[in-house]
Engineer: 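Pasting a structure here, questions to come.
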Amino acid sequence: MNLFAHFQGVVLTAVEALVAQGKLPKALDLSKLTAEPPRDAAHGDVSTNAAMVLAKPAGMNPRAVAELLLPLLSQDADIASVTIAGPGFINFKLKDAFWPRVLQAAFDQAERFGSSTMGQNEKVNVEYVSANPTGPLHVGHCRGAVFGDALAALLSFSGYNVTKEYYMNDAGGQVNVLAESVYLRYREALGETITEIPAGLYPGDYLKPVGEALAKEHGKALLTRNDWLPIVREKAISMMMDMIRDDLAALHIKQEVFFSEKSLQTSGAVASAIAQLRKSGDVYEGRLPPPKGEVNEDWEDREQTLFRSTPYGDDVDRALLKSDGSYTYFASDVAYSANKIARGFKQLIYVLGADHGGYVKRLQAVAAALGGKGAVSVDAKLCQLVKLYRNGEPVRMSKRAGEFVTLREVVDEVGSDVVRFMMLYRKNEAPLDFDFAKVTEQSKDNPVFYVQYAHARICSVLRNAEASEQDSKGQIDFNLLTDEAEKALILRIAAFPRVVEAAALSHEPHRISFYLYDLASDFHSLWNKGKELPQLRFILQDQDNLTLTRLAFLRVIRYCLANGLGILGVEPASEM
RNA sequence: GCGCCCGUAGCUCAGCUGGAUCAGAGCAUCAGACUACGAAUCUGAGGGUCAGAGGUUCGAAUCCUUUCGGGCGCGCCA
């Protein structure tokens with residue numbers, strides 16, 4: 001349970017009662033009314049802005065509104081005292097008996113603590129990675145991959161019905177280039193000497209196994225057939241996708257749907273999606289102004305088939321057909337959007353690289369045109385670049401020379417957990433520095449270890465308790481936890497559901513990471529306090545009830561840590 | 001020229017979608033805490049015009065306008 005949501009309900013009920021009594025006007029806008037933890041704990045446990053939000057529409061001053069609410073709120077069984085503060089905040093101090101119940105509820109929920117039904121099973125599509133199937137994933141794909149995966153887990157934990165999806169760009173010119181590159185490797189596998197890969201083709205060694213596989217499968221047959229290209233292409237794409245799935249598996253990422261762009265074209269889905277837009281008047285034949293920015297020699301003014309996206313908020317209308325009559329990439333995306341909408345998704349989330357920023361508006365425009373305004377929400381999460389460092393020195397990568405750090409190399413070197421946590425320890429739109437030395441460092445400087453260490457410490461205590469059979473005597477009574485450091489932890493734990501909800505609503509998994517860091521910090525603090533004050537230690541001889549209670553408390557903290565890490569896709573460590 | 005993102009402590013970044021003497025954390029610097037359930041930790045100190053300027057209102061780091069500075073993108077590539 002999210003206690004702040006609970007008390008928001010309590011406040012709303014009180015407001016409605018006042019409206020019913022005619023003390024407040026009807027039809028008030030209550031959407032901005034919140035109940036949240038006060039910035040400063042000294043102000044109380046829960047704070048609401050009700051009086052200030054209602055003051056203006058009610059034509060009263062905030063403190064007068066607060067005075068009306070005060071007696072009603074005081075009646076609540078969980079509220080010990082209500083005070084009016086500052087410009088009109090209403091602060092609750094909760095009864096001491098309330099917190100043990102929060103802990104008990106968390107303890108009972110265990111692995112589900114923090115989860116909710118907020119999403120009401122709404123269908124959400126999270127599309128991420130979607131790298132071209134022309135080679136292994138490189139480090140640039142890492143961030144989006146982890147981000148998308150964590151966001152999907154977060155939404156799922158919050159009660160949404162999530163589909164994790166990968167869009168395979170298997171229809172464009174790039175896969176033909178791939179096929180030509182592989183064809184060379186095929187000839188090489190048959191004994192021919194290939195001295196140089198022509199410019200424009202993919203030089204990587206990772207294509208050699210594809211050539212060999214083709215040689216094994218077809219022998220020399222493809223040398224003489226002039227329809228070799230589609231055969232080679234399909235094989236290459238299939239093997240590249242296997243490789244990519246392998247790379248993702250190394251990060252513990254498993255997507256359910258791998259959607260083929262080509263299937264949209266061959267099935268006629270593109271044509272019918274365009275027809276649908278044409279019917280609603282969103283497609284026309286026309287001309288576009290030349291692009292600004294750097295001068296393009298090839299620019300020619302011509303009439304073309306365009307999607308009228310500007311009424312939906314885009315900057316310019318978008319071309320659907322190339323000059324040779326084939327579909328643009330965007331045309332496929334129109335069909336793909338239509339397909340997602342037809343599958344019943346209410347939210348389409350795209351995890352993209354920052355260089356795709358210019359693409360967002362047209363995706364939103366398409367969804368609005370196809371689904372009706374507001375029917376389907378489109379959120380594009382743009383992930384900024386990851387800068388690699390090694391001991392403070394930037395890692396040089398030259399795409400032209402084919403030198404790029406692969407995702408697999410990074411994961412192999414530092415491990416999936418570290419990669420995942422670090423990628424999520426920043427807002428997605430902030431650039432991220434990733435230093436191989438720093439992220440594996442075992443110190444407080446490294447948030448992964450800091451959080452893991454807290455979890456490991458808890459596990460260690462529980463192991464000790466079990467070994468000395470101190471975990472089986474006495475009774476749990478959360479009322480026994482009265483120290484300030486314990487109270488700080490309880491407040492932190494109580495905030496977890498709210499943090500998860502907020503992160504899910506804003507599509508910001510990094511909030512979980514920061515929360516976990518804070519939680520770990522509170523825990524380490526309590527731990528060290530127990531060094532100076534032995535009665536604060538977790539295991540106490542001859543105090544069975546207190547010991548058992550503290551062990552249960554540790555378990556709740558551990559659920560919090562483990563559930564949070566679970567959202568991030570990081571395995572909690574029981575030892576380090 | 002236009003669009004999107006960013007600008008917070010010396011450095012790297014949070015800031016709960018407009019809240020309260022609120023400007024925060026970590027690193028770095030300085031000073032402290034292990035015969036101890038794991039010191040890979042903890043406690044404290046100094047450090048700021050939230051890039052600048054206007055505006056919106058009870059209230060702005062947060063929203064709007066504008067200037068400056070940085071990143072990304074700008075038919076028929078995907």
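Heavy-atom basis, side chains included; hydrogens, waters and symmetry copies ignored. In the text below, chain A, chain B and the rest are named by the order of the sequence lines, each starting its count at 1.
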Engineer: Side chain of A:Phe514, heavy atoms from C-beta onward: which of B:rA14, B:rA39, B:rC37 has the nearest atom to it?
Structural biologist: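 Nearest to the side-chain atoms of A:Phe514, counting from C-beta on, is B:rA14.
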Engineer: Have a look at A:Tyr517 and say if it touches a base, only the backbone sugar-phosphate, or nothing, with a 4.0 Å heavy-atom cut-off.
Structural biologist: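 A:Tyr517: backbone/sugar contact only, no base atoms under 4.0 Å.
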Engineer: Among B:rA78, B:rU43, B:rA25, which nucleotide has an atom closest to any side-chain atom of A:Tyr359?
Structural biologist: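 My answer, after comparing the listed nucleotides, is B:rA78.
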Engineer: For A:Pro431, report the nucleic acid contact type (base, sugar-phosphate, nothing); a contact means any heavy atom under 4.0 Å.
Structural biologist: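 Touches sugar-phosphate only.
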Engineer: Kindly point out which of B:rC6, B:rU12, B:rC16 is positioned nearest to the side chain of A:Glu429?
Structural biologist: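 The closest nucleotide is B:rC6.
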Engineer: So if I take every side-chain heavy atom of A:Val461 and compare against B:rA39, B:rC76, B:rC37, which nucleotide ends up nearest?
Structural biologist: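 Closest of the options to the side chain of A:Val461: B:rC37.
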Engineer: With a 4.0 Å cut-off on heavy atoms, is A:His356 in touch with a base, just the backbone sugar-phosphate, or nothing at all?
Structural biologist: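 Since a base atom lies under 4.0 Å of A:His356, the category is base.
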Engineer: Validate the cation-pi geometry between A:Arg550 and A:Phe538: distance from NZ or CZ to the six-membered ring centre under 6.0 Å, angle to the ring axis within 45°.
Structural biologist: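 No, A:Arg550 does not lie over the aromatic ring of A:Phe538.
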Engineer: Starting from P on B:rA78, measure out to CZ on A:Arg362 and report it in whole angstrom.
Structural biologist: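 The distance from CZ of A:Arg362 to P of B:rA78 comes to 13 Å, rounded to the nearest Å.
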Engineer: Given A:Val570, which of A:Val146, A:Val418, A:Asp417 fulfils the side-chain contact (heavy atoms from CB on, under 4.5 Å) condition?
Structural biologist: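 Filter result, single survivor: A:Asp417.
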Engineer: Please tell me which of the listed nucleotides, B:rG3, B:rU41, B:rA78, lies nearest to the side chain of A:Lys361?
Structural biologist: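 Nearest nucleotide to the side chain: B:rG3.
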Engineer: With nearest nucleotides of RNA chain B determined for A:Val53 and A:Asn169 from heavy-atom distances, which residue corresponds to the more 5′ nucleotide?
Structural biologist: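 In this pair, the answer is A:Val53.
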Engineer: Where the side chain of A:Arg537 is defined as all heavy atoms beyond and including C-beta, which of B:rA78, B:rA36, B:rG38 is the nearest nucleotide?
Structural biologist: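 It is B:rA36.
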Engineer: Are any side-chain N or O atoms of A:His524 and backbone N or O atoms of A:Tyr450, one a donor and one an acceptor, separated by less than 3.5 Å?
Structural biologist: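 Yes, because the side chain of A:His524 sits within donor-acceptor range (under 3.5 Å) of the backbone of A:Tyr450.
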Engineer: Measure from the side chain of A:Ala85, starting at C-beta and using heavy atoms only, and say which of B:rC37, B:rA20, B:rG19 lies closest.
Structural biologist: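 Looking only at heavy atoms from C-beta outward on A:Ala85, the closest nucleotide is B:rA20.
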Engineer: Considering only side-chain heavy atoms of A:Arg457, which listed nucleotide, B:rC37, B:rU41, B:rG19, is closest?
Structural biologist: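 The nucleotide sitting nearest to the side chain is B:rU41.
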Engineer: Of the listed nucleotides (B:rC42, B:rG38, B:rA14), which one gets closest to any side-chain atom of A:Ala456?
Structural biologist: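 The closest nucleotide is B:rG38.
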Engineer: Can the ring centroids of A:Phe307 and A:Tyr284 be said to lie less than 6.0 angstrom from one another?
Structural biologist: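 No, they do not, as the ring centres are separated by 6.0 Å or more.
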Engineer: RNA chain B: A:Ser47 or A:Arg302, which has the more 5' nearest nucleotide?
Structural biologist: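 Taking each residue's closest nucleotide, the earlier one in sequence belongs to A:Ser47.
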Engineer: Check whether NZ of the Lys or CZ of the Arg A:Arg498 lies under 6.0 Å from the centre of the six-membered ring of A:Phe4 and within 45 degrees of that ring's axis.
Structural biologist: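 Here A:Arg498 passes the 6.0 Å and 45° test against A:Phe4.
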Engineer: Side chain of A:Arg426 only, please: which of B:rC42, B:rG3, B:rA14 is the nearest?
Structural biologist: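 From the listed options, B:rA14 comes nearest.
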Engineer: Using Watson-Crick or G-U wobble geometry with both distances below 3.5 Å, tell me the partner of B:rA33, or none.
Structural biologist: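 Result: B:rU41.
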